[in-house]
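I have placed the structure first, in the form of structure tokens, so that the comments after it can refer back to it.
Below, read A as the first sequence line, B as the second, and so on, with proteins coming before strands; counting in each chain starts at 1.
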2 protein chains.
Amino acid sequence: MINPHFSTKERILSAAEDLFAKSGFAGASLRQVTSAANVNLAAVNYHFGSKENLINELFKRRLDDLTAARMAALDKVRSSRQATLEQVLEAFVQPALSLASERGGSSFVRLLARAFAEHDQRLRRFVSDNYGHVLKEFAKVIAQLLPNLPKDALYWRLDFVSGALTYAMSDFGMIKKPAGVTDEQHRRTAAEHFVRFAAAGLRAP
Amino acid sequence: MINPHFSTKERILSAAEDLFAKSGFAGASLRQVTSAANVNLAAVNYHFGSKENLINELFKRRLDDLTAARMAALDKVRSSRQATLEQVLEAFVQPALSLASERGGSSFVRLLARAFAEHDQRLRRFVSDNYGHVLKEFAKVIAQLLPNLPKDALYWRLDFVSGALTYAMSDFGMIKKPAGVTDEQHRRTAAEHFVRFAAAGLRAP
DNA sequence: CTAGCCTTCGAACGCCCGTTTGAAGCGTTC
DNA sequence: GAACGCTTCAAACGGGCGTTCGAAGGCTAG
């Protein structure tokens, strides 16, 4: 399960990502994590200090890359002469898609959905600090592309878009990957459907 | 906090709803629940048998009403001569809105979102058994209203719609109720925005 | 009044939790 | 090869967990 070639720290992070995604932060114990990682129990507190800090490191590791990739994609779209709503949405989704394709990335995506479901203030603060400003940047660009849309309507619709994406990427819904389709293709299809749906929703009369 | 006029069973259910919504099923203990309910610890196992069964009863209590109300609203729309997509979506949202306005209902809505985030198979099975067939009925009606939309696109979009609703109703997003607006008005506004957004998304070219 | 039943109660059960500790291992540096 | 850091280890800590138990309480029917 866990590759023995990686360092203790990395093995813990990987195992924790899987187990927390599966059972929740309170539901998965450090004993389960260290056992899956083939690592001594005390290693968590040695390398991360506490369970809570391990969770934070888990998010930091992935979110730093994700937010950077999203900002880069947004800047690219922004600098093009005639950006479309679809391109902006694509810039938002594509990096998340790449993340989900990484080793363990799909677990992390579900973890992210969990972080939203947890109303725990400490965790929400942490996620929004590392994540919030990117959403604001996207909101600004989208607002420019929909100049006739009142601000309150825009914010509502952006919430709906976030929800739709979170939900779909976490495999909550009834959509199941058909047999004979690679994960990659499945995600590509999901992204295409999402961009069409979200763009139309944002443009609603 | 907990009304002493209600029965032990009801006090436990109310307190459990609040605490599980706030801290998660694994995160809130029966000792916290019974303490908040002003009830002896052993009462949970006496009245419900186990923590897991308490959780099931929690969902049953609300979902039975919700699904019945949704089916009734759908039948009403169905029987009208010329049903619109907006009316069908309204029939889906309105009962959830009423539920959220009930005493403790807003906690339950967040609990429902948690149930989706938990990938726990037992809980998912239970929720989908009590919840799934209603979604299928709505899907059928919506499919008739969008005869040119391929089936796979329809299912993707319905997933997006579910996600948008779940997310928005659980207060995950950045939308905050403005001061001086009642909960009732806030939810009414949310529903209007949602129906417009979802209808447009479903009708996307 | 009393017998019976449903409910509540305090106390305890065994178990697992996150964290800490001090010793053991081990490669690097003088 | 001794001394030093960094890492791993087994073991234990106090505490909270879900659940169980037998006694006590309190209501109703005879």
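- What separates CD of A:Glu52 from C1' of C:dC17 is a distance of 16 Å, to the nearest Å.
- For the OP1/OP2 pair of D:dC17 and a distance below 4.0 Å, the side-chain nitrogens and oxygens of B:Ser29 include at least one atom meeting the criterion.
- Nucleic acid contact class of B:Ala43 (heavy atoms, under 4.0 Å, all strands): none.
- Distance, B:Ile12 CD1 to C:dT8 C1': 11 Å, rounded to whole Å.
- Summarising the geometry, the separation between CD1 on A:Ile55 and C1' on C:dG18 is reported as 12 Å, rounded to the nearest angstrom.
- In this structure, of D:dA10, D:dC21, D:dG18, it is D:dG18 that holds the atom nearest to the side chain of B:Leu30.
- One finds a side-chain N or O of A:His47 lying less than 4.0 angstrom from the OP1 or OP2 phosphate oxygen of D:dT8.
- Straight-line distance from the CZ atom of B:Phe48 to the P atom of D:dT20: 16 Å, rounded to whole Å.
- The residue among B:Leu41 and B:Lys9 whose nearest nucleotide of DNA chain C lies closer to the 5′ end is B:Lys9.
- Counting non-hydrogen atoms of neighbouring residues, nucleotides and ligands closer than 6.0 angstrom, the CZ atom of A:Arg125 reaches no more than 12 such neighbours.
- For A:Arg196, the CZ atom counts as loosely surrounded, since its 6.0 Å shell holds 12 or fewer non-hydrogen atoms of other residues, nucleotides or ligands.
- Ranking C:dG18, C:dT8, D:dA10 by closeness to the B:Tyr46 side chain, first place goes to C:dT8.
- One interatomic measurement links the two molecules: CG of B:Leu19 to P of D:dC17, which rounds to 11 Å at whole-angstrom precision.
- Here A:Asn40 reaches the OP1 or OP2 of D:dA10: one of its side-chain N or O atoms lies under 4.0 Å away.
- Remark: side-chain polar atoms of A:Arg62 are not paired, donor with acceptor, to backbone N or O of A:Leu99 under 3.5 angstrom.
- An OP1 or OP2 oxygen of C:dT8 is reached within less than 4.0 angstrom by a side-chain nitrogen or oxygen of B:Thr8.
- Nearest to the side chain of A:Lys51, among C:dG18, C:dG10, D:dC6, sits C:dG18.
- Rounded to an integer number of Å, the gap from CZ of B:Arg31 to P of D:dC17 is 6 Å.
- Taking CE of B:Met169 as the start and CZ of B:Arg110 as the end, the distance is 11.5 Å to the nearest 0.5 Å.
- To the nearest 0.5 Å, the span separating OG1 on A:Thr189 from CH2 on B:Trp156 amounts to 7.0 Å.
- Atom-to-atom, CG of B:Asn53 to C1' of D:dG18 comes out at 14 Å; the value is rounded to the nearest Å.
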